[in-house]
Amino acid sequence: MNDNFKKHIEQHYKQQSLAPEIKQRLLDMQSIQVSVSERESDAWLKRIKSSLAMPRQLAAIAIIFVLVMIPVLLLKNSDQGQQQLLSNIAAEVVLNHNKRLPSDYVTDSYAELSTMMDKLDFSLSKPAHSALAEYQLTGARYCSLQGQIAGQLKLESSDGEQHTLYVTRLSEEFSGLQESVQEVDGLTVRNWQSGGLFFSLAR
Amino acid sequence: MSSPEVQPLEVLLDSAYRYALSLAQHQQQAEDVLQDAWLAVLKAGGPQTRPYLFAAVRSRFLNAHKREQLVPFVSIDQASDFELAGTGEDLDDYCDHVLLNEALAELRAVEREALFLMVVEGYTAEEVALFTDQPRGTVLSLVHRAKSKLKVLLTEPKGEQRHE
């Protein structure tokens, strides 16, 4: 391949770089790591293995202790896993909200939007949650939430402020999540589930 | 592409963004694909290396576009591609970046991808073949076809361009 031509192509792409604010947000997301529960499970496995080398009485005590602790630990790990998932969702929602991407479908009707966004694997309808009572739908676009297809709905409050509502199917992964409110980067993220759907509102 | 390397994260993210851009040819789509891929890498606790992140970007781009059926992946006649492809030596004087961007937009995603990985990232055809799970001949064919199309798009007036 001609060297100058290669140089032109190379220069063309190397002129493109991520906007600094987007790069910073992606770097900030590094706090999302393997859930603590997985690491704790590994630690317990190691402890059980080492107990096999103990004298029988000690081993018996250790086994009884483990049997008693397993339900407690599972309960604790499940709670930690859900907290981690809620944090991941909030981080993703805030990141997308701050991008302020324009709506691909402009309408103030949920019924019309449901017809337009026919790739969603669920039906859109006006959410009944009281947090949305004062908000007017202005449009939407497709997006994903934790790798699951979702609708990113643009809402406007009576004072003209823009809010973003994410709606996705209530999958098994999301089904254990309790209603919650989190603060991320100065924004409030409220999560809840209703009618087989999972909602996340950033404002 | 096989040897993991440690890069400063900012450089890594820029590289991955350019790769996403070579696939999507659209800034917002590239940012979305990169964000999804980066989240997946972080959630999986995977290595923050170029091969791993590039693979995540590629996977997310292909998944999104299979769903939307926006990118038809048609088979390629390798022999005829090699016959048809030019060498690119006539292109130097026509490579204004705006025109180049418009011309790149006319290529198929797989052609831009092969061109980007070989020309910008400096991978060999063998490495690109391994990464994209295609025969080496197909990769070479994609690059030659990309060059051939760019040559037509950048050197011939619009009315006279042949459409393949």
Side-chain angles (χ1 to χ4, degrees), chain A residues 1-36 38-39 84-85 87-89 91-93 95-96 98-102 104 118-121 141-150 152 173, chain B residues 9-22 27-28 30-32 34-46 48 60 63-64 67-68 86-98 100-101 103-104 112 115-116 118-122 143-144 146-147 150-151 154:
Chain A
M1 198 181 299
N2 180 277
D3 282 345
N4 283 331
F5 178 56
K6 280 174 69 173
K7 200 172 73 185
H8 284 302
I9 299 275
E10 199 174 349
Q11 275 177 358
H12 171 75
Y13 277 108
K14 292 207 165 162
Q15 280 175 351
Q16 326 273 341
S17 38
L18 264 179
E21 66 274 15
I22 293 175
K23 196 184 290 178
Q24 191 54 51
R25 277 188 217 127
L26 293 179
L27 291 171
D28 290 345
M29 288 165 74
Q30 278 190 286
S31 56
I32 300 168
Q33 290 170 345
V34 185
S35 72
V36 179
E38 286 173 33
R39 271 185 255 130
Q84 184 69 47
L85 180 56
S87 298
N88 294 354
I89 289 170
E92 190 176 2
V93 161
L95 189 72
N96 281 318
N98 286 334
K99 280 187 182 174
R100 308 272 177 186
L101 295 179
D104 292 330
D118 58 356
K119 290 191 181 72
L120 294 176
D121 52 0
R141 67 194 297 271
Y142 288 108
C143 70
S144 65
L145 196 57
Q146 299 294 293
Q148 198 171 299
I149 188 165
Q152 182 182 350
E173 187 184 11
Chain B
L9 284 181
E10 294 197 8
V11 176
L12 176 67
L13 288 173
D14 270 336
S15 292
Y17 169 66
R18 289 182 195 121
Y19 175 47
L21 202 58
S22 80
Q27 183 193 332
Q28 283 179 357
E31 287 172 5
D32 283 349
L34 173 60
Q35 180 192 309
D36 280 356
W38 182 239
L39 259 176
V41 169
L42 293 174
K43 278 174 67 182
Q48 291 167 8
R60 261 129 204 96
N63 283 344
R67 190 171 62 211
E68 294 169 20
T87 58
E89 67 263 25
D90 303 330
L91 301 177
D92 301 346
D93 299 335
Y94 302 91
C95 281
D96 173 271
H97 284 291
V98 176
L100 184 54
N101 195 46
L104 283 166
R112 280 195 306 269
L115 192 67
F116 174 83
M118 286 187 68
V119 172
V120 182
E121 291 295 323
V143 173
H144 277 253
K147 283 160 45 189
L150 288 177
K151 181 180 176 182
L154 293 169

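Here is the naming used below: chain letters follow the sequence lines, and residue numbers restart at 1 for every chain.
Looking at A:Ile22, the atoms closer than 4.5 Å to chain B (heavy atoms on both sides) all sit in the side chain, from C-beta outward. Neither the backbone nor the side chain of A:Gln24 has a heavy atom closer than 4.5 Å to any heavy atom of chain B. Interface remark: A:Pro20 contributes no atoms to any contact with chain B (heavy atom separation under 4.5 Å). The contact between B:Gln28 and chain A is made entirely by side chain atoms (from C-beta outward), counting heavy-atom distances below 4.5 Å. Looking at A:Lys99, only its side chain comes within 4.5 Å of chain B, counting heavy atoms on both sides. For a residue to count as touching a neighbouring chain, one of its non-hydrogen atoms must lie under 4.5 Å from one of that chain's; by this rule B:Asp36 touches chain A with the side chain only.
Between B:Trp38 and A:Leu95, the closest side-chain pair of non-hydrogen atoms is not below 4.5 Å. Between B:Leu42 and B:Gln48, some side-chain heavy-atom pair lies under the 4.5 Å cut-off. The shortest distance between side-chain heavy atoms of A:Gln148 and A:Asp121 does not fall below 4.5 Å. Using a 4.5 Å cut-off on side-chain heavy atoms (C-beta onward), A:Asp104 and A:Tyr142 make no contact.
Taking chain B as the reference chain and counting heavy-atom pairs below 4.5 Å, the highest number among A:His12, A:Gln146, A:Gln11, A:Glu10 is found for A:His12.
Closest non-hydrogen pair, A:Glu173 versus B:Lys43, comes out as OE2-NZ, 4.3 Å.
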Test side chain to side chain donor-acceptor pair (under 3.5 Å) applied to A:Glu92 and A:Asn88, step by step:
CA-CA 6 Å; A:Glu92 190 176 2; A:Asn88 294 354; over 6 Å; no
